[in-house]
Amino acid sequence: MAKSQRKVPALNASSMADISFLLLTFFLLVSNMDVDSGLARRLPPPPQTEDQTSVNVQRRNLLIVLVNAQNETMVQNQQGVEMYANEDELRGVGGKPALKDKVKEFVLNTSNSSDLPELEEQDFGNPIGVVPVTASHVVSIQNDATTSYKAYIAVQNEVVRAYNELREEGARKYFNTSYGELTEEQKNQINELYPQRISEAEPKNYGGGE
Amino acid sequence: MPDIVFAILFFFMVTTTMRSEELLVRVKVPTASEVQKLEKKSLVTYINIGPPLDMRLGTGTQMQLNDRFAHVTEIQDYIAQEKASMNEADQPLMTVSIKADEDTRMQYITEVKQALRQAYALKISYSARTGEN
């Protein structure tokens with residue numbers, strides 16, 4: 001009666017490959033999911049000498065965006081001063097011109113006003129051709145020591161948004177398509193037309209003390 | 001065939017758990033609408049800034065480099081180390097992603113930025129979530 005040679009049924013392993021494939025795809029996706037995103041900036045190289053080389057910028061070419069300790073924003077150029085009490089006002093809620101519109105007006109200077117950056121004719125190649133641009137404008141973002149990071153990023157974001165909208169408009173005007181659809185070369189042309197000239201100032205101590 | 005797939009599977013399982021370092025600080029990055037994705041993970045170095053998760057360490061802003069707390073003065077060494085572990089061709093493309101809590105004071109961020117300038121890590125990215133605004 002003893003069946004010493006009983007056969008062990010073989011495990012059906014044909015589905016194993018499918019299961020492991022499934023797991024493999026899952027892990028592949030998961031590992032790519034937390035793609036980091038952020039606002040890209042380029043810092044100026046460290047000052048070479050002790051005395052800091054301050055670049056002289058003409059007053060009309062400068063748009064100062066100052067975020068203070070109460071997270072209020074002040075935008076100042078030769079045209080005047082605008083105060084924003086909170087983030088909503090930055091975006092144009094409450095009747096004040098939005099920060100991005102101020103920046104766009106400043107960068108474009110369509111009216112060729114003497115209070116806005118000077119226009120220079122520059123050649124950007126086909127199909128843009130020779131157009132006047134404010135080549136030496138600077139948007140200077142300044143902050144106080146106790147400004148919150150959130151408010152600072154909100155302001156940075158609005159300034160970048162202004163540039164992105166300008167580029168989008170440029171793409172529509174010269175290439176009849178959206179910025180995202182342009183080739184790498186065309187994007188570079190538009191970027192040269194509207195370069196992001198954002199300066200993050202050297203730290204200043206407004207409040208005094210350490 | 002299943003064996004090969006299994007091998008790859010294990011590889012991915014191990015690497016995914018390995019890369020995500022444990023956070024010691026609470027980082028709730030601010031929201032922004034104009035964010036760009038950071039390409040090429042191997043070129044990105046992270047700096048986490050925020051209040052410590054461990055309540056016993058207080059609520060002051062701390063910085064985490066790799067898996068331990070560090071002082072701002074240690075950034076230069078850290079960047080030099082990270083740079084050295086990279087391909088020589090990739091070194092100029094290195095990006096530092098600043099992952100800072102939204103309640104951080106700008107003074108701390110400014111100090112970090114100055115340290116990064118001294119370390120010649122000039123490409124930075126303020127980490128942010130894509131928000132509704």
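All values reported here derive from a predicted model rather than from experimental measurement. Per chain, numbering begins at 1; letters A, B, ... match sequence-line order.
Counting heavy-atom pairs closer than 4.5 Å to chain A, the top residue among B:Gln36, B:Lys123, B:Gln118 is B:Gln36.
Annotation: the span from B:Ser125 atom OG to A:Arg42 atom CZ amounts to 13.0 Å, rounded to 0.5 Å. The CG atom of A:Leu23 lies 13.0 Å from the CD1 atom of B:Ile8; values are rounded to the nearest 0.5 Å. Residue B:Ile124 holds its CD1 atom at 10.0 Å from CG of A:Leu39, rounded to the nearest 0.5 Å.
In this structure the side chain of A:Tyr149 never reaches within 4.5 angstrom of the side chain of B:Tyr108, judged on heavy atoms. Taking 4.5 Å as the limit, every side-chain heavy atom of B:Met106 sits out of range of all side-chain heavy atoms of A:Ser148. Using a 4.5 Å heavy-atom threshold, the side chains of B:Lys113 and A:Leu43 count as touching.
When atom types are taken as modelled, the side chain of A:Ser37 and the backbone of B:Ala128 share a donor-acceptor pair closer than 3.5 angstrom.
For residues 69-93 of chain B, the set of pairs meeting the salt bridge (Lys or Arg N to Asp or Glu O under 4.0 Å) definition, not counting sequence neighbours, comprises B:Arg68-B:Glu74. Each salt bridge (Lys or Arg N to Asp or Glu O under 4.0 Å) pair with one or both residues in residues 92-108 of chain B, not counting sequence neighbours, appears once here: A:Asp36-B:Lys99, B:Arg26-B:Asp101, B:Lys28-B:Glu102.
Annotation for B:Leu122 and A:Pro44: closest pair CD2-O, 3.5 Å, computed over non-hydrogen atoms. Taking every heavy atom of both residues into account, B:Tyr120 and A:Pro45 meet most closely at CE2-CB, 4.2 Å.
In this structure, chain A has a heavy atom under 4.5 Å from the side chain of B:Ile109, while its backbone stays farther away. Looking at A:Ile153, only its side chain comes within 4.5 Å of chain B, counting heavy atoms on both sides. Using a 4.5 Å cut-off between heavy atoms, B:Ala119 makes no contact with chain A at all. For A:Tyr152, the part lying under 4.5 angstrom from a heavy atom of chain B is the side chain only.
Surrounding NZ of A:Lys150 are at most 12 heavy atoms belonging to other residues, nucleotides or ligands under 6.0 Å away.
Side-chain contact annotation: A:Asn157 with B:Glu34, donor-acceptor N/O pair under 3.5 Å absent.
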